[in-house]
Student: 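Below is the structure I would like to discuss, written out as structure tokens.
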Number of protein chains: 2
Amino acid sequence: MQIGELAKRTGCESETIRYYEREGLLPAPARSSSGYRRYEQPHLEQLAFILHCRSLGMPLADIRLLAGFHQQPAAEPCDRVNALIDQQISRVHSQIEALQKLEIQLQQLRARCDSPHTLADCGILKTLDGAAAGEACACHDES
Amino acid sequence: MQIGELAKRTGCESETIRYYEREGLLPAPARSSSGYRRYEQPHLEQLAFILHCRSLGMPLADIRLLAGFHQQPAAEPCDRVNALIDQQISRVHSQIEALQKLEIQLQQLRARCDSPHTLADCGILKTLDGAAAGEACACHDES
DNA sequence: CTTGACCTTATAGTAGCTACAGGGTTTGCA
DNA sequence: TGCAAACCCTGTAGCTACTATAAGGTCAAG
Ligand SMILES: [Zn+2]
Ligand SMILES: [Zn+2]
Ligand SMILES: [Zn+2]
Ligand SMILES: [Zn+2]
């Protein structure tokens, strides 16, 4: 199949497929006489593997490693696999925590303005300006 | 003061300050005879304003707008300010939701492996391979 | 024989920095 | 006076994971 059909079947754009090939995540497929890429079923599965990992937020570098385990002797321990997943879980977890703090801060800032009123009176702008001048702010106040 | 001192006082690297100037977030300061940037107190406050907004996760484009409201007539309504903050809150909120789904999926995947064992037996790898072949997976199973 | 839908490569753009390379300036000290 | 350390300058490239062109080649239908 051509790249367009692979794209349609996986829901991944042709350009992304070419990008994965350039990045070494997908092996370079055979070419037709006119230079068109020709894919087979294994390519589709390899791409699906990548997309599935991507949908879990895994970075391409980790997916490369994960895919590489298929080339390793099957008797090796799987702890490196687990480590990659655990790392991803903790990355995601700390992002969540950071964003939750952010949301609280933003809501504290937002609460300074009970619109509608003018720019001169806006509690949000006043808070931001005050903080820039060194005053305590609603959002970063530790109390 | 020179750029290095402004950097030290704000905890922002010199290169970042120059970057903000290039991006039009900070006005170009006066220069010494040898071409060194010379900053005054207002610059420090403007930079602090930017950094404070950045710490709330605001994109530079929004900070540019937010800073621009200082040049607007003070009698204008502040609803555009509120809209920017509300937008940011909803961005952050939807990111949190997406990441929380991700974390659950990752933990479901992680639960397939009760290490230690081998690559051939690893439930994580088996799940990923199965999903690539079109089977249902622990992580994306809707049940 | 031409139109349209494919495909190819190469390059640049996105966000927000960060890290050089390759130079000039200023300060202090022997 | 000479020199080195610690500043500063510009310009460019790198990071992630794509996305979007530009400029061209190929193929099947009508
Ligand atoms: Zn307001
Ligand atoms: Zn604050
Ligand atoms: Zn395992
Ligand atoms: Zn899954």
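Every chain is numbered from 1 and lettered A, B, ... according to where its sequence line falls, protein lines coming before strand lines.
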Student: Nearest of D:dT19, C:dA19, D:dC8 to any side-chain atom of A:Glu15?
Tutor: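 Of the options given, the side chain of A:Glu15 lies nearest D:dT19.
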Student: For A:Arg38, answer base if it contacts any base atom (sugar-phosphate contacts may also be present), sugar-phosphate if it contacts only those atoms, and nothing otherwise; contact means non-hydrogen atoms under 4.0 Å.
Tutor: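 No contact.
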Student: Start at the 5' end of DNA chain C and walk down; is the nucleotide closest to B:Tyr20 or to A:Gly4 reached first?
Tutor: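 Counting from the 5' end, the first nearest nucleotide belongs to A:Gly4.
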Student: By nearest heavy atom, map A:Glu13 and A:Ser33 onto DNA chain D; which one lands nearer the 5' end?
Tutor: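 Upstream on the strand: A:Glu13.
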Student: Can you classify the ring geometry of B:Phe49 versus B:His70 as parallel (below 30°), tilted (30 to 60°) or perpendicular (above 60°)?
Tutor: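 Perpendicular, since the angle between the ring planes exceeds 60°.
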Student: Can you tell me the distance, in whole Å, between the CD atom of A:Glu21 and the C1' atom of D:dT19?
Tutor: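 For the pair A:Glu21 CD and D:dT19 C1', the rounded distance is 17 Å.
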Student: Calculate the interatomic distance between A:Leu51 atom CG and D:dC18 atom P; express it in whole Å.
Tutor: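 Atom CG in A:Leu51 sits about 8 Å away from atom P in D:dC18.
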Student: Determine: side-chain N/O of A:Arg37 to OP1/OP2 of C:dC7, distance under 4.0 Å, yes or no.
Tutor: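 The answer is no; no side-chain N or O of A:Arg37 sits under 4.0 Å from OP1 or OP2.
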Student: From the set C:dC17, C:dT25, C:dC20, return the single nucleotide nearest to any side-chain atom of B:Leu60.
Tutor: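 Per side-chain heavy atoms of B:Leu60, the pick is C:dC17.
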Student: Could you check which of D:dC9, D:dG25, C:dC17 has an atom nearest any side-chain atom of B:Ile3?
Tutor: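 Between D:dC9, D:dG25, C:dC17, the one nearest the side chain of B:Ile3 would be D:dC9.
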Student: Does C:dA15 have OP1 or OP2 sitting under 4.0 Å from an N or O in the side chain of B:Arg64?
Tutor: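 Checking B:Arg64 against C:dA15: no side-chain N or O falls below 4.0 Å of OP1 or OP2.
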Student: Quick check: does any side chain N or O of A:Thr16 sit under 3.5 Å from a backbone N or O of A:Cys12, one acting as donor and the other as acceptor?
Tutor: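 The answer is no, because no donor-acceptor pair under 3.5 Å joins these two groups.
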Student: Provide, to the nearest angstrom, the distance between the CG atom belonging to A:Leu56 and the P atom belonging to D:dA17.
Tutor: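 Checked: the CG to P distance equals 14 Å.
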Student: Atom CD1 of B:Ile63 and atom P of C:dA15: how far apart are they, to the nearest Å?
Tutor: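 Distance check: B:Ile63 CD1 to C:dA15 P gives 13 Å.
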Student: Quickly work out the A:Gln95 CD to D:dT16 P distance and round it to whole Å.
Tutor: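 Result: 15 Å.
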Student: Can you tell which of D:dT26, D:dT10, C:dT25 lies closest to the side chain of B:Arg31?
Tutor: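 Out of D:dT26, D:dT10, C:dT25, the nucleotide with an atom closest to B:Arg31's side chain is D:dT10.
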Student: When the distance from OH of B:Tyr19 to C1' of D:dC15 is rounded to whole Å, what number comes out?
Tutor: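 Whole-Å distance recorded here is 13 Å.
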Student: Does any N or O in the side chain of B:His43 come within less than 3.5 Å of the main-chain N or O of B:Glu40, such that one atom is a donor and the other an acceptor?
Tutor: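 Indeed, once roles are kept as given, a pair shorter than 3.5 Å links the two residues.
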Student: How long is the gap from CZ on B:Arg54 to CG on B:Leu60, to the nearest 0.5 Å?
Tutor: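 Reported to 0.5 Å precision, the distance equals 5.5 Å.
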Student: May I have the distance from A:Tyr36 (atom OH) to C:dC7 (atom C1'), rounded to whole angstrom?
Tutor: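 Atom OH in A:Tyr36 sits about 4 Å away from atom C1' in C:dC7.
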Student: Judged by atom type as modelled, is there a donor-acceptor pair below 3.5 Å linking the side chain of A:Arg64 to the main-chain atoms of A:Ala67?
Tutor: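 Not confirmed, A:Arg64 side chain does not pair with A:Ala67 backbone.
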Student: Between A:Arg18 and C:dT9, is there a contact of a side-chain N or O with OP1 or OP2 at under 4.0 Å?
Tutor: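 No, A:Arg18 has no side-chain N/O under 4.0 Å of OP1/OP2 on C:dT9.
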Student: Rounded to the nearest Å, what distance is computed from the CD atom of residue A:Glu5 to the P atom of nucleotide C:dC6?
Tutor: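 It is 11 Å, rounded to the nearest whole Å.
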Student: Rounded to the nearest 0.5 Å, how far does CD of B:Gln88 lie from CG of A:Leu102?
Tutor: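 That separation rounds to 6.5 Å.
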Student: Ignoring backbone atoms, establish whether B:Ser32 has a side-chain N or O less than 4.0 Å from OP1 or OP2 of D:dC8.
Tutor: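 Looking at the OP1 and OP2 atoms of D:dC8, neither is under 4.0 Å from any side-chain N or O of B:Ser32.
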Student: A:Thr16 side chain N/O closer than 4.0 Å to the phosphate oxygens (OP1, OP2) of D:dT19?
Tutor: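 Yes.
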Student: D:dC18 phosphate, OP1 or OP2: any side-chain N/O from A:Arg54 under 4.0 angstrom?
Tutor: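 Indeed, a polar side-chain atom of A:Arg54 lies that close.
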Student: Closer to the 5' end of DNA chain C via nearest nucleotide, is it B:Gly57 or B:Gln2?
Tutor: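 Closer to the 5' end of DNA chain C: B:Gly57.
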